[in-house]
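Just so we're on the same page: letters track the sequence lines, and every chain starts at 1. These numbers come from a predicted model, not from an experiment.
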There are 2 protein chains.
Amino acid sequence: MSNSTPATIEDVARIAEVSIATVSRAIHMPEKVAKSTRLKVNQAIAITGYTANAMARSLRLGRSNMILVVAPDIGDPNFSSILAGLENEARAHGYGVLIGHTQNDAQRGLEYLKFFNSYQAAGLILFTGILPFGHQAATDSLPPSVGVFEPVFNGGIPYVGVDDVEGARKAVDLLISEGHRRIAFIGDSNTRLAYRRRRSGYEAGLAAAGIPLNRQLILDGDGTVESGRLALEQFFMRDDLPTAFMCVNDQTALGVSIGLKARGYDIPDHFSVTGFDDVPQASFMTPSLTTVRQPRTAIGKHAMALLLDMLSDRAASETEILLRPDLVVRNSVGPPPARR
Amino acid sequence: MSNSTPATIEDVARIAEVSIATVSRAIHMPEKVAKSTRLKVNQAIAITGYTANAMARSLRLGRSNMILVVAPDIGDPNFSSILAGLENEARAHGYGVLIGHTQNDAQRGLEYLKFFNSYQAAGLILFTGILPFGHQAATDSLPPSVGVFEPVFNGGIPYVGVDDVEGARKAVDLLISEGHRRIAFIGDSNTRLAYRRRRSGYEAGLAAAGIPLNRQLILDGDGTVESGRLALEQFFMRDDLPTAFMCVNDQTALGVSIGLKARGYDIPDHFSVTGFDDVPQASFMTPSLTTVRQPRTAIGKHAMALLLDMLSDRAASETEILLRPDLVVRNSVGPPPARR
DNA sequence: GTGGCCGATGTAAAGGTTTACATCGAACAT
DNA sequence: ATGTTCGATGTAAACCTTTACATCGGCCAC
């Protein structure tokens with residue numbers, strides 16, 4: 001049964017006493033073959049333990065059933081769960097996931113173009129905001145691709161992300177409902193669309209509550225822990241402190257939180273803090289961080305599903321899928337001290 | 001130049017005015033072809049942007065240059081960095097990494113056997129402690145495989161892990177050098193070899209310092225945050241509290257830490273705590289956790305290197321590679337209160 | 001000068017699959 | 001009875017590579 005070399009379609013054909021063409025058809029277009037032969041073939045397959053050689057299949061078809069996932073940094077802890085979503089969905093449809101990371105090195109992009117070509121990957125999942133390939137490739141017919149997290153700049157590639165506006169809105173709404181009126185926003189000056197959207201959500205929330213926008217309460221960092229602390233220091237240099245800090249991401253929130261503790265303040269008694277992303281660390285902070293969760297596994301799943309759709313119908317169904325983020329309420333938000 | 005369909009070896013041959021055999025030789029056995037032709041071929045390759053079709057190559061060769069990585073849970077935050085190590089090393093040698101996860105579902109093992117067969121993956125990286133395949137497959141000639149983190153039970157498969165004994169030893173030595181004599185060990189009753197080894201390191205450290213082993217100070221949880229807290233409660237039910245808690249992993253340490261804080265104790269003023277693994281969250285805890293770091297990226301790198309070795313020489317060089325773990329000293333360890 | 005050898009190159013087969021096209025029989029309509 | 005149609009199956013080509021074997025010169029030794 002389980003010989004050293006795997007069974008080929010020919011072995012199956014011999015046992016089922018049909019031609020290899022019929023075997024192939026019995027597998028891929030069952031309705032085209034008589035029920036009785038289909039049965040014989042299936043038995044033969046069971047006996048031999050046959051699995052089609054994917055290499056031969058891909059060679060013949062001119063495309064493989066592998067999806068290449070290109071990420072700038074695999075080591076990012078967020079990557080795992082997205083990958084899990086991607087892989088699950090892919091495997092459910094008979095696709096495999098091939099991974100590669102550019103390490104933010106543009107040079108390695110070309111390497112991947114070669115790799116991609118040579119494996120004839122069926123499609124591409126792009127984590128990075130830009131195409132990893134040289135620009136000439138971009139204008140050429142691109143393989144079916146979808147972006148994750150961020151829209152891809154060059155080329156109209158559909159992408160799957162999170163509704164940052166809504167997420168930010170949820171955070172600010174919580175703060176407002178707790179009674180905060182002076183809510184600071186610490187942003188990220190980097191050009192990621194996501195960051196700008198989070199700020200829009202913040203502004204929309206204020207507007208909806210009839211709180212006038214106060215530019216003094218908006219500061220931009222660069223998304224790092226350190227920049228969170230720095231922004232906090234700037235607030236303390238002024239007179240008018242906010243009662244809550246809404247941060248563009250969890251790193252920034254951590255920086256703020258550290259800074260506040262260093263100054264002897266308590267969270268959430270003296271100040272409230274919110275983050276965004278719900279990195280795994282968020283629940284480990286003291287106090288644990290109230291933040292907006294990126295549905296990472298779901299993002300992976302949707303991105304892959306979208307790509308697989310594109311592979312079957314040629315039509316790029318939707319160009320943008322935004323998932324609903326959830327507010328994760330932990331212990332870093334409370335009513336402002338004045339009210340207490 | 002960059003046409004819609006990728007260049008084949010035939011295109012190169014035509015431009016270089018040689019046969020396809022010569023092209024292939026120029027690429028794979030350059031010394032077998034005259035310098036002048038080699039030059040022509042290289043130019044032609046540059047012109048066409050030729051990359052060998054990996055599918056055709058694998059089909060011909062009967063083996064691919066993909067390594068299948070099978071993990072029980074890709075979503076595990078630790079997975080990312082190991083994967084990064086694996087992938088880097090693989091790509092450096094022209095191999096691709098294909099990932100799959102069993103989700104701890106034995107059933108899916110068979111699926112992977114099929115997948116493996118069909119892709120003729122060159123080798124296997126196993127995260128799980130057991131072979132994912134049915135037992136008959138184990139006795140059959142197995143593809144070159146290496147285990148990561150834990151030795152693989154069935155079959156003498158080499159593996160790459162961390163020296164748990166030494167790691168635990170480093171942690172206990174630190175505690176001892178700070179003056180602790182009553183050091184508790186909170187273990188994990190699960191059968192993972194790693195856990196037993198960590199306890200060995202603990203015991204060896206005590207012995208080396210001439211501290212008699214006190215069985216009362218050893219408790220087994222199951223490696224979760226909750227079990228850490230539970231174990232702590234058990235200690236408090238008794239009279240003789242330790243001055244330090246050495247935990248089998250970071251989760252447990254977090255549980256202990258939460259429990260101590262809930263009882264109003266301060267770390268490290270009242271009690272010291274150590275973990276193991278250095279999960280990304282460890283530095284976010286308050287106080288940040290002193291723990292033993294698993295060199296994850298290095299583990300991945302070594303595992304892949306070992307596998308690649310096995311693929312070139314048939315010889316399974318070494319059967320066990322243990323990397324040296326580092327002690328990461330943060331703020332959860334101090335001298336015992338009595339000394340202060 | 002001729003036979004042998006060797007280095008460089010070409011020819012063709014093989015690897016496993018899918019599928020256009022051909023074939024074959026039966027059923028049906030005339 | 002014969003021609004037509006159609007459903008089921010078989011035949012063979014193609015996908016792109018690698019490599020064993022054949023071929024072809026040139027060079028050396030006799």
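- A donor-acceptor contact under 3.5 angstrom links the side chains of B:S80 and A:S80, judged on distance only.
- Taken from CG in A:L124 to CE in A:M310, the straight-line distance is 10.0 Å, to the nearest 0.5 Å.
- Across the protein-nucleic acid pair, A:E31 atom CD and D:dG7 atom P stand 12 Å apart, rounded to whole Å.
- Phosphate proximity of D:dT9 to A:S19: absent, as no side-chain N or O sits under 4.0 Å from OP1 or OP2.
- The separation between A:L61 atom CG and D:dC16 atom C1' is 14 Å, rounded to whole Å.
- Between the side chains of B:N65 and B:H93, not a single donor N or O lies within less than 3.5 Å of an accepting N or O.
- Within the nucleic acid shown, B:A34 comes within 4.0 Å of sugar-phosphate atoms alone, with no base atom in reach, counting heavy atoms only.
- Ring pair B:F127/B:F79: centre-to-centre distance below 6.0 Å.
- For the pair B:R38 CZ and C:dA8 C1', the computed distance is 12 Å after rounding to whole Å.
- Remark: B:T37 is in phosphate contact with C:dT9, judged by side-chain N or O atoms under 4.0 Å from OP1 or OP2.
- Residue contacts shown for A:A52 are limited to sugar-phosphate atoms, with no base heavy atom under 4.0 Å away.
- Here the two rings, on B:F149 and B:Y159, have centers that are 6.0 Å apart or farther.
- Heavy atoms of B:T8 sit under 4.0 angstrom from primed sugar atoms or phosphate atoms, though from no base atom.
- For C:dG15, its base never sits under 3.5 Å from the side chain of B:R57 at any donor and acceptor pair.
- Between D:dT9, C:dA12, C:dT17, one nucleotide has an atom nearer to the side chain of A:R25 than all others, and that is D:dT9.
- Taking 3.5 Å as the limit, the base of C:dG15 and the side chain of B:R63 contain no donor-acceptor pair of atoms between them.
- Atom NZ in A:K32 sits roughly 10 Å away from atom C1' in D:dA8 (whole-Å rounding).
- When rounded to the nearest whole Å, the span between CG of B:N53 and P of C:dG16 equals 17 Å.
- In this structure, A:M29 places its CE atom 8 Å from P of C:dA20, rounding to the nearest Å.
- Closest to the side chain of B:A56, out of C:dT17, D:dC16, D:dT19, is D:dC16.
- For B:L59, taking side-chain heavy atoms from C-beta onward, the closest of the listed nucleotides C:dG10, C:dG16, D:dA12 is C:dG16.
- Residue A:T22 is classed as a sugar-phosphate contact, given heavy-atom separations below 4.0 Å to backbone atoms only.
- Straight-line distance from the CG atom of B:L39 to the P atom of C:dA8: 15 Å, rounded to whole Å.
- Atom CD1 in B:I9 sits roughly 11 Å away from atom P in D:dT19 (whole-Å rounding).
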